[in-house]
2 protein chains.
Amino acid sequence: MAKRVKARLVDVARDAGVSPATVSRAMAQPDLLTPDTLARVHDSARKLGYRPDGMARALASGRTMTIGAIVPTLDSTIFARVLQAMQSALAREGYQLLVASHEMNPAAETEAVRTLLTRGVDGLMLVGAERSQDTAMLLRTAGVPVVLSWVGTQDCAAVTVDNRLAGHLAARHLIGLGHRRIGMVVGHLPFNDRQQARLAGARQALHEAGLDLPGALVSEQGLTMAGGRAGCARLLELGEPPSAIIGGIDLFAIGCIQEAQSRGIAVPEALSVVGIDDIEMSAHITPALTTVMIPTARIGQLCAATLLAEIKGERRHEQTELPIELVVRQSTAAGRQVLPAKAASTASTARQAFP
Amino acid sequence: MAKRVKARLVDVARDAGVSPATVSRAMAQPDLLTPDTLARVHDSARKLGYRPDGMARALASGRTMTIGAIVPTLDSTIFARVLQAMQSALAREGYQLLVASHEMNPAAETEAVRTLLTRGVDGLMLVGAERSQDTAMLLRTAGVPVVLSWVGTQDCAAVTVDNRLAGHLAARHLIGLGHRRIGMVVGHLPFNDRQQARLAGARQALHEAGLDLPGALVSEQGLTMAGGRAGCARLLELGEPPSAIIGGIDLFAIGCIQEAQSRGIAVPEALSVVGIDDIEMSAHITPALTTVMIPTARIGQLCAATLLAEIKGERRHEQTELPIELVVRQSTAAGRQVLPAKAASTASTARQAFP
DNA sequence: ATCTTGAATGATAGCGCTTTCATCAAAACT
DNA sequence: AGTTTTGATGAAAGCGCTATCATTCAAGAT
């Protein structure tokens with residue numbers, strides 16, 4: 001017998017002696033059926049190895065049970081973490097995560113949005129607020145909820161963090177320790193408003209303290225540890241090197257520490273380093289990294305929740321700003337100008353971080 | 001006028017004065033049409049803001065242009081890297097990546113496979129060969145190409161790496177340096193055949209050298225840097241601690257180095273550490289990590305290529321084993337038994353790594 | 001001039017499911 | 001008993017597209 005490979009809903013219906021509609025209901029709203037018919041349908045379904053066809057279902061119902069996420073890159077602890085959190089939260093509600101990355105290329109982002117929208121998603125998560133006109137237009141006519149992360153805009157839902165404040169906190173911490181010449185390693189600024197904001201925040205803090213963050217003390221690097229090392233190297237080789245460096249991401253800061261140490265420059269005694277993110281590793285390196293904690297996983301979780309709520313029509317354009325905070329560990333110490341040789345007294349400063 | 005929100009194919013057809021079939025062809029096989037009609041269709045499509053409906057297309061054509069990937073966790077450099085590589089390779093061919101993770105839980109993997117299959121994917125990528133009966137059964141009746149990564153089986157395509165050899169290489173390197181008492185920090189073994197194989201390989205190398213890797217010298221930990229530190233701590237606190245430690249993943253090895261250093265134990269002078277993976281960071285820490293290089297990105301790239309080839313019917317059950325190799329850096333040195341105090345002579349050993 | 005052939009396009013039957021709307025029996029009211 | 005209500009099920013119309021087959025018409029072959 002030339003048996004169909006895959007059992008369809010109608011096959012189950014025929015086998016169970018009911019109409020297709022009943023089988024459909026058995027899957028979606030079981031409580032509408034008599035326990036008896038329900039059982040009969042289930043038996044037939046199991047017997048035939050019936051597996052519903054998601055595409056047919058999506059076409060008929062208009063819901064795909066899929067959320068799209070477009071991140072700058074997957075190859076980053078940060079975004080991996082966020083996606084992991086989103087995925088877990090979504091899976092709990094039966095949703096799937098469709099991911100794409102644009103590698104810091106606005107046109108690639110447009111393309112990704114277009115593809116995901118065409119493919120059919122019930123919601124879309126993007127990173128940052130800066131994007132091309134094309135992408136913005138697509139989003140406006142998308143017809144599905146959108147949530148922005150890290151940096152958002154008022155015209156759609158957002159789960160954000162004050163990146164400017166992050167830079168500000170990092171810089172202020174160093175200023176408070178007496179540092180006057182502070183450098184920063186940041187990611188490439190074009191199409192990365194998170195890094196732009198962090199840099200701006202740091203610069204602002206310095207200005208407020210009557211200091212300056214000249215371009216020469218800022219090094220733009222690719223988002224890797226090697227980038228951190230390279231940036232650090234560049235800053236240290238300046239005629240007048242900084243006494244403290246802010247890493248636009250923790251990975252940079254960790255790279256800075258490595259680079260300094262490999263040059264025989266003690267951290268934090270001769271160079272203070274602060275990061276931003278607080279990735280897992282930061283607490284475990286030596287010296288443990290002082291950094292600004294960004295609740296990455298929470299961002300992912302809330303992006304999922306926000307999207308789901310909007311899909312259900314419960315909320316609209318919900319804005320959430322998550323708190324961040326400075327976590328003082330061992331990579332920062334008083335600047336030389338203030339406490340020329342007293343390394344000991346700085347230890348207590350660092351220890352304040354562990355109440 | 002109660003205008004439809006979304007333009008459909010028929011709307012374009014009507015506007016362009018052609019049949020739906022022609023519009024469909026204009027999108028899929030443009031060369032079948034007269035340049036004139038093609039242009040007319042494109043104009044109408046643009047004018048109406050037509051965006052094809054992926055679900056309808058999928059239902060009608062049976063192709064979803066989506067590949068599913070199920071990894072143990074997204075929150076890992078390794079898997080993030082692999083997915084990144086897959087995603088890039090797939091995007092180039094117009095495919096999307098649907099990701100799921102199972103957090104080392106076989107039942108969750110089954111569920112993920114079921115959902116992805118139901119959702120509709122044209123191919124599936126999984127990690128490792130060990131899985132529940134249920135999952136295996138689902139896969140067998142999936143009806144779409146499957147590719148396994150890291151560890152595979154003969155009954156479906158696989159892009160693998162010899163994990164046993166990885167452990168073997170790491171151990172042999174240490175044995176060659178004169179170490180007799182070697183410990184290992186591995187990930188939790190249940191449902192992780194990569195770690196199992198790496199441990200087995202290390203153990204085998206030790207046996208071949210007339211040595212032993214007793215359970216007491218093996219510490220199972222969660223796949224984080226904190227896990228590496230904890231494992232290292234456990235091993236170092238043994239009555240007779242090892243003179244060298246193998247990290248089942250680089251993150252463990254890096255954690256071991258940190259833990260040792262924080263206890264004032266010099267690496268590699270007093271403790272040698274080898275990792276497996278060769279993540280970006282490994283080359284940049286101090287001392288740079290000696291490790292077994294696993295071509296992670298290449299695995300992802302090949303998984304994508306293998307799946308695509310199988311979808312096109314070009315190949316079937318293609319097996320690819322990627323070469324791996326020991327990368328000697330600075331974290332390993334001669335064991336105390338052989339060269340009691342000559343740290344200098346070990347430096348040259350390390351430098352061999354950079355030809 | 002007639003017949004083939006082939007390229008371009010049209011007509012249309014599904015793809016497998018959801019979802020009104022209709023139906024019908026049984027239960028709950030007058 | 002007669003009527004309304006309720007709950008469970010069935011009938012069937014799409015969802016928007018692809019793909020098969022049929023049709024048309026002009027160009028080349030006879």
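Order of the sequence lines sets the chain letters (A, B, ...), proteins ahead of strands, with each chain counted from 1.
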- request: Would you give the length of the straight line joining atom CD1 of I299(A) to atom OG1 of T160(A), rounded to the nearest 0.5 angstrom?
  value: 8.0 Å
message: So, OP1 or OP2 of dT9(C): does either fall under 4.0 Å of a side-chain N or O from S19(B)?
response: no
field: Candidate nucleotides dC17(D), dT12(C), dA8(D), ranked by approach to the side chain of T34(A) - the nearest
entry: dA8(D)
message: Applying a 4.0 Å non-hydrogen cut-off, can you work out what V23(A) is touching in the nucleic acid: base, sugar-phosphate, or nothing?
response: nothing
query: For dG10(C), does either OP1 or OP2 sit under 4.0 Å from a side-chain N or O belonging to T22(B)?
result: yes
task: Could you check if a side-chain atom of R298(A) sits within less than 4.5 angstrom of a side-chain atom of L302(A), using non-hydrogen atoms only?
output: yes
- request: Check every atom of dG16(D), dG10(D), dC17(C) against the side chain of L59(B) and return the nucleotide holding the closest atom.
  value: dG16(D)
query: Parallel under 30°, tilted from 30 to 60°, perpendicular over 60°: which one fits the rings of F191(A) and H102(A)?
result: tilted
salt_bridge(R40(B), D36(B)) N-O dist < 4.0 Å: yes
message: Does dC15(D) have its OP1 or OP2 closer than 4.0 Å to a side-chain nitrogen or oxygen of S61(A)?
response: no
Atom pair distance, as rounded to whole Å: CE in M27(B) and P in dA19(D): 14 Å
- prompt: Which whole-number value in Å describes the distance from R14(B) CZ to dA11(C) C1'?
  reply: 15 Å
- prompt: In whole Å, what is the span from the CG atom of L32(A) to the P atom of dT20(C)?
  reply: 13 Å
message: On the nucleotide dG16(D), are OP1 or OP2 found under 4.0 Å from the side-chain N or O atoms that R8(B) carries?
response: yes
Rounded distance (Å) that lies between atom C1' of dA7(C) and atom CG of L38(B): 15 Å
- line: D36(B) CG to dA7(C) C1', in whole Å, measures 15 Å
- prompt: Hey, does the side chain of T37(B) come within less than 4.0 Å of dT9(C)'s phosphate (OP1/OP2), counting only N and O?
  reply: yes
message: Measure CE/M55(A) against C1'/dG16(D) and give the value in whole Å, please.
response: 14 Å
query: So which heavy atom on L307(A) is nearest to which on V146(A), and how close?
result: CD1-C, 3.9 Å
- request: Name the residue closer to the 5' end of DNA chain D, choosing between Y50(B) and R25(B) according to the nucleotide with the nearest heavy atom.
  value: Y50(B)
- request: Calculate the interatomic distance between R57(A) atom CZ and dT19(C) atom C1'; express it in whole Å.
  value: 13 Å
- prompt: Is the distance from OP1 or OP2 of dA19(D) to the nearest side-chain N or O of S24(B) less than 4.0 Å?
  reply: no
query: Taking atom P of dA12(D) as reference, at what distance in whole Å does atom CG of L9(A) sit?
result: 16 Å
- prompt: Toward the 5' end of DNA chain C, which comes first, D31(B) or Q29(A), by nearest nucleotide?
  reply: D31(B)
field: Which nucleotide in dT9(D), dT12(C), dA11(D) has an atom nearest any side-chain atom of A21(B)
entry: dT12(C)
